[in-house]
Amino acid sequence: MNSPNQPLPTFDEVLLCTPQTTAEQVGLFLRRCLIPCSGGEKIYTMLYADELSYDVSCRAEELFQHLQHYNSTYRLVILCNCEREHSYIPSVLSQYKVHMIPQRPLAEIQRYLQHHYRVAQPSSSAASVFKDNMCVGIVSSKRAGVGK
C-alpha cells in the first residue's frame, strides 16, 4: 500500500479460514507460500487462522514446520482475532507474534481501496448499486434479519 498503483493481493496469496477450511486447502496454501518457485515476491496471508479446527491446525503446523526448511525467505502473515489468541495456531506460533496497529490513517486506506475497487465505466453493472461506482460494498444493520 505504499503506492496506489500497487496491486491488491491475488486469489492465490490469501486464505480466508473458517471452521470448514480443510487440511488440503491449508496445505496447498502453505506449499504455495513456502516452496520456492518463480512466483516473485508475494506476501501470503492467512486470515482468521484461529478459526481452523484443532485437527486442521495440527496438520497445518506440522506441514509448516516441515516446509519452512525449504525456503528461508518466505513472506507469510497470519492474522488472528486477539480474543482467540489461545487457539492452536496463535499458540503454537506465538514466538513470531507481533501486535499490529495499522500504520496508515483510515482515510488513506479507504482511498487506496477505492482506487482499486472503482468501476471505470459504469454501464448497467451491479457496481452502480454501490456508492461512487464501487464494485464492492458492505451492507450492515444493527437489527438481524432485515433483508440484507
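For the single chain, residues carry numbers from 1 onward in sequence order. All values below come from the heavy atoms of this structure, side chains included, with hydrogens, waters and symmetry mates left out.
Note on Val77 and Tyr112: separate hydrophobic clusters, where clusters join Ile, Leu, Val, Met, Phe, Trp and Tyr whose side-chain heavy atoms are under 4.5 Å apart, directly or indirectly.
If you take CZ on Phe64 and CZ on Arg31, they are separated by 14.0 Å, rounding to the nearest 0.5 Å. Annotation: the span from Tyr74 atom OH to Ile35 atom CD1 amounts to 13.5 Å, rounded to 0.5 Å. The distance from atom CD of Gln65 to atom CG of Leu93, rounded to the nearest 0.5 Å, is 7.0 Å. Leu76 CG to Lys42 NZ: the interatomic distance, rounded to the nearest 0.5 Å, is 14.0 Å. To the nearest 0.5 Å, the span separating CZ on Phe11 from CG on Leu16 amounts to 15.5 Å.
With hydrogens and angles disregarded, a donor-acceptor distance shorter than 3.5 Å links the side chain of Ser91 to the backbone of His86. Although no hydrogens or angles enter the test, the distance criterion places no donor-acceptor pair under 3.5 Å between the side chain of Glu108 and the main chain of Pro105.
The 12-atom threshold is not exceeded at CD of Glu83, counting heavy atoms of other residues, nucleotides or ligands nearer than 6.0 Å. For Tyr117, the OH atom counts as loosely surrounded, since its 6.0 Å shell holds 12 or fewer non-hydrogen atoms of other residues, nucleotides or ligands. The 12-atom threshold is exceeded at CD of Gln68, counting heavy atoms of other residues, nucleotides or ligands nearer than 6.0 Å.
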Distance-only donor-acceptor pairs under 3.5 Å for side chains of residues 46-59, two or more places apart:
from: Asp50; atom 1: OD1; to: Asn81; atom 2: N; distance (Å): 3.1
from: Asp50; atom 1: OD2; to: Arg84; atom 2: NE; distance (Å): 2.9
from: Ser53; atom 1: OG; to: Val56; atom 2: N; distance (Å): 3.3
from: Ser57; atom 1: OG; to: Ser53; atom 2: O; distance (Å): 2.9

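With contacts defined as side-chain heavy-atom distances shorter than 4.5 Å, the pair Leu15/Leu30 does not qualify.
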